[in-house]
Number of protein chains: 2
Amino acid sequence: MVQAPAQIHTRADEAFDCLQTAIVMGDLAPGEKIGEVELCSRFNLTRGPLREALGRLESRGLLVRRPHAGVKVVSVSAEELLELYRIREVMEGLAARQAAERMTDEEIRDLKATLDSHEKMIEEAQGQAYYQAEGDYDFHHRIATGSRNTKLAQMLLGDLYYMVRMYRYRLSTSAGRPHMALGEHRRIVEAIAQRDGELAEFLMKRHINAARQNIEQKIQQGVLTI
Amino acid sequence: MVQAPAQIHTRADEAFDCLQTAIVMGDLAPGEKIGEVELCSRFNLTRGPLREALGRLESRGLLVRRPHAGVKVVSVSAEELLELYRIREVMEGLAARQAAERMTDEEIRDLKATLDSHEKMIEEAQGQAYYQAEGDYDFHHRIATGSRNTKLAQMLLGDLYYMVRMYRYRLSTSAGRPHMALGEHRRIVEAIAQRDGELAEFLMKRHINAARQNIEQKIQQGVLTI
DNA sequence: TTACCTCATTTTGTTGACAATCCGGCTTGT
DNA sequence: ACAAGCCGGATTGTCAACAAAATGAGGTAA
């Protein structure tokens, strides 16, 4: 569910995926100055493909690289996570609006079905943050692709979501408000089904804004380690 | 003004910059299936660094690469340019709002001075699209960095602006409304100077929306070749 | 004549070795 | 004793050769 492998042919792609998940899942500590040869032995590849993957990761801002000094995983802070949510708010708002205008009826049906399955998962696995998170990503993923805006979907799915996941793993932040989020999701889908782009945008922005405020609250309570 | 070289040390960075500008300026035709060795001889590099640069370019969506089949510059369409403007609208709106909240007084002074110099340039070089475009990029560049939102600035400056420039070179689209744009810029800066984030966001969104409608109009008039 | 299959060439993907550069510890002078 | 300069080790950046895969041409069969 996390990602469709989709025929990983070249070693560089493989390296890229491995590294990306390793960074996102926190297997590579932030600020850790890690050598190329060590990475090679760790993932069973050679330096050529690895180097290419490193370039891509750097281009996406998941790691920084000083010439002749090695690579290190990007450092994170809670403030940056909040900034990320500010970006999500406007971009996913746009995605929701365009999705309302462009999604096919079938896609909307699938979206509704997805929400139903999420509801069941939440009821069954009460408090299992994993399913919540995955369901949440699934929902937002569908909206992004449904916008039919190639670059927008690319930026959301290719950059922002990985970034958000990384921050949340690092800061050990779970969504923490499953029922409320599900209700908001339902309302967004309703707006999309009624082809009300403006409303869908408004609801999506409010939804993400609420999530951001939830994180902000946790920070103020000192729950989050910066 | 286009970009600060900032000590291009490694060959891969050099290759990346060369390729990027070549793609943006249209020296490499869209859909052109170009070989690696040809690129090497053209830019005096070897395949190692080139390959790394190619990966970065692909990651940014400036070219597509099928395994064992070669790379080709991404094809463009006028519709995609409009979609890009839709993204710019919401993202730069956010940038303007945050810039109004966070820019220093000195930065705002510089921004005003920049506009003054733009006005002079427009008056002197009447209709010289080059200065217009450069001035426009300079303005938006300052707003993006002034937002103090690292990821937002990175996405705007690193991805979107290059993309927009590429499309506009390809479609031979010039801004075409210098005085009006300058007035809109002035109003945005005023709002920022008054620390009115909401207004700055609104004005910026309207500004980019107007630019998009301008392009849309040209398309309908058949001026733009798709 | 057309469609399909085979094969050779070209191009990409990968590998290992070479050279340039930086970091840490040591020596040396004040 | 402390600071500055220097040297060795290690790591990164770069290069050229090898192997695998796909495209295109050519031939043969229906």
Side-chain angles (χ1 to χ4, degrees), chain A residues 3-23 27-75, chain B residues 3-23 27-75:
Chain A
Q3 79 235 25
Q7 285 183 337
I8 304 170
H9 272 306
T10 166
R11 306 278 271 189
D13 293 334
E14 198 178 335
F16 178 76
D17 285 347
C18 286
L19 267 290
Q20 179 163 260
T21 54
I23 293 174
D27 294 345
L28 269 56
E32 187 179 351
K33 202 182 291 179
I34 194 153
E36 292 185 1
V37 285
E38 189 178 337
L39 287 174
C40 289
S41 61
R42 199 158 157 182
F43 295 102
N44 277 36
L45 3 113
T46 49
R47 284 185 56 212
L50 179 93
R51 213 140 202 315
E52 197 180 319
L54 251 46
R56 286 197 238 176
L57 268 312
E58 186 199 19
S59 175
R60 294 206 178 176
L62 266 68
L63 49 81
V64 290
R65 186 146 74 134
R66 254 201 356 238
H68 299 96
V71 303
K72 74 176 210 280
V73 181
V74 72
S75 302
Chain B
Q3 79 239 23
Q7 283 183 338
I8 305 169
H9 272 305
T10 167
R11 306 279 267 192
D13 293 335
E14 197 178 336
F16 178 77
D17 285 346
C18 286
L19 266 291
Q20 179 163 259
T21 53
I23 292 174
D27 295 345
L28 269 55
E32 187 179 351
K33 199 184 294 177
I34 193 152
E36 292 185 0
V37 285
E38 188 178 337
L39 287 174
C40 290
S41 62
R42 199 156 156 183
F43 295 102
N44 278 35
L45 336 134
T46 50
R47 286 185 55 212
L50 179 92
R51 209 139 208 311
E52 197 179 318
L54 251 45
R56 286 197 238 176
L57 267 312
E58 186 199 18
S59 175
R60 294 207 179 176
L62 268 67
L63 48 82
V64 292
R65 185 146 73 135
R66 253 197 1 234
H68 302 285
V71 303
K72 74 178 210 280
V73 181
V74 72
S75 302

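A, B, ... follow the sequence lines: proteins, then strands. Residue 1 opens every chain.
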Does B:Leu28 reach the side chain of B:Leu19, with side-chain heavy atoms less than 4.5 Å apart?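 Contact flag for B:Leu28/B:Leu19 side chains = yes.
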Could you tell me whether the side chain of B:Leu39 reaches within less than 4.5 Å of the side chain of B:Ile34, counting heavy atoms only?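 They are in contact (side-chain heavy atoms under 4.5 Å apart), so the answer is yes.
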For B:Val74 versus B:Pro30, what's the shortest heavy-atom pair and its separation?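 Minimum heavy-atom separation between B:Val74 and B:Pro30: O-CB, 3.7 Å.
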Taking all non-hydrogen atoms of both residues, which atom of B:Ala53 and which atom of B:Ala12 are closest, and how far apart?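 Smallest heavy-atom distance, with atoms named: CB-O, 3.8 Å.
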For a quick test of your reading: what N or O donor-acceptor pairs under 3.5 Å do the side chains of residues 59-67 of chain B make, sequence neighbours left out?
unit_1: B:Ser59; atom_1: OG; unit_2: A:Arg60; atom_2: NE; d: 3.0
unit_1: B:Arg60; atom_1: NE; unit_2: A:Ser59; atom_2: OG; d: 3.0
unit_1: B:Arg60; atom_1: NH1; unit_2: B:Gly158; atom_2: O; d: 2.9
unit_1: B:Arg65; atom_1: NH2; unit_2: A:Glu52; atom_2: OE2; d: 2.4

If the cut-off is 4.0 Å, is B:Thr10 near the phosphate of D:dT14, judged by side-chain N/O to OP1 or OP2?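 So the side chain of B:Thr10 is within the cut-off, an N or O lying under 4.0 Å from OP1 or OP2 of D:dT14.
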Rounded interatomic separation in angstrom, taking [atom1] from [X] and [atom2] from [N]:
X       : N      : atom1 : atom2 : answer
A:Glu36 : D:dT14 : CD    : C1'   : 12 Å
B:Leu39 : C:dT11 : CG    : P     : 12 Å
A:Ile34 : D:dT12 : CD1   : P     : 10 Å
A:Asp13 : C:dT14 : CG    : C1'   : 14 Å
B:Leu50 : C:dT11 : CG    : C1'   : 13 Å
B:Glu58 : C:dT12 : CD    : P     : 14 Å

What N/O pairs connect the protein and nucleotides 19-25 of chain D at under 3.5 Å? Give each pair on its own line.
unit_1: D:dT23; atom_1: OP1; unit_2: B:Arg66; atom_2: NH2; d: 3.2

Output every pair passing salt bridge (Lys or Arg N to Asp or Glu O under 4.0 Å) with a member in residues 37-49 of chain B, not counting sequence neighbours, ordered by first then second residue.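 As it turns out, the salt bridge (Lys or Arg N to Asp or Glu O under 4.0 Å) pairs with a partner in residues 37-49 of chain B, which skip direct neighbours, are B:Glu36-B:Arg47.
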Sequence-distant partners of A:Leu45, side chain to side chain contact (heavy atoms under 4.5 Å, CB included), two or more places apart: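 With neighbours one apart ignored, the set is A:Ala15, A:Phe43, A:Leu50.
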Step-by-step salt bridge (charged side-chain N to carboxylate O under 4.0 Å, His left out) determination, B:Asp13 to B:Arg56: CA-CA 10 Å; B:Asp13 293 335; B:Arg56 286 197 238 176; 2.7 Å; yes
Using atom names, set out every protein N or O paired with an N or O of nucleotides 15-18 of chain C below 3.5 Å, distance rounded to 0.1 Å.
unit_1: C:dT15; atom_1: OP2; unit_2: A:Thr46; atom_2: OG1; d: 2.1

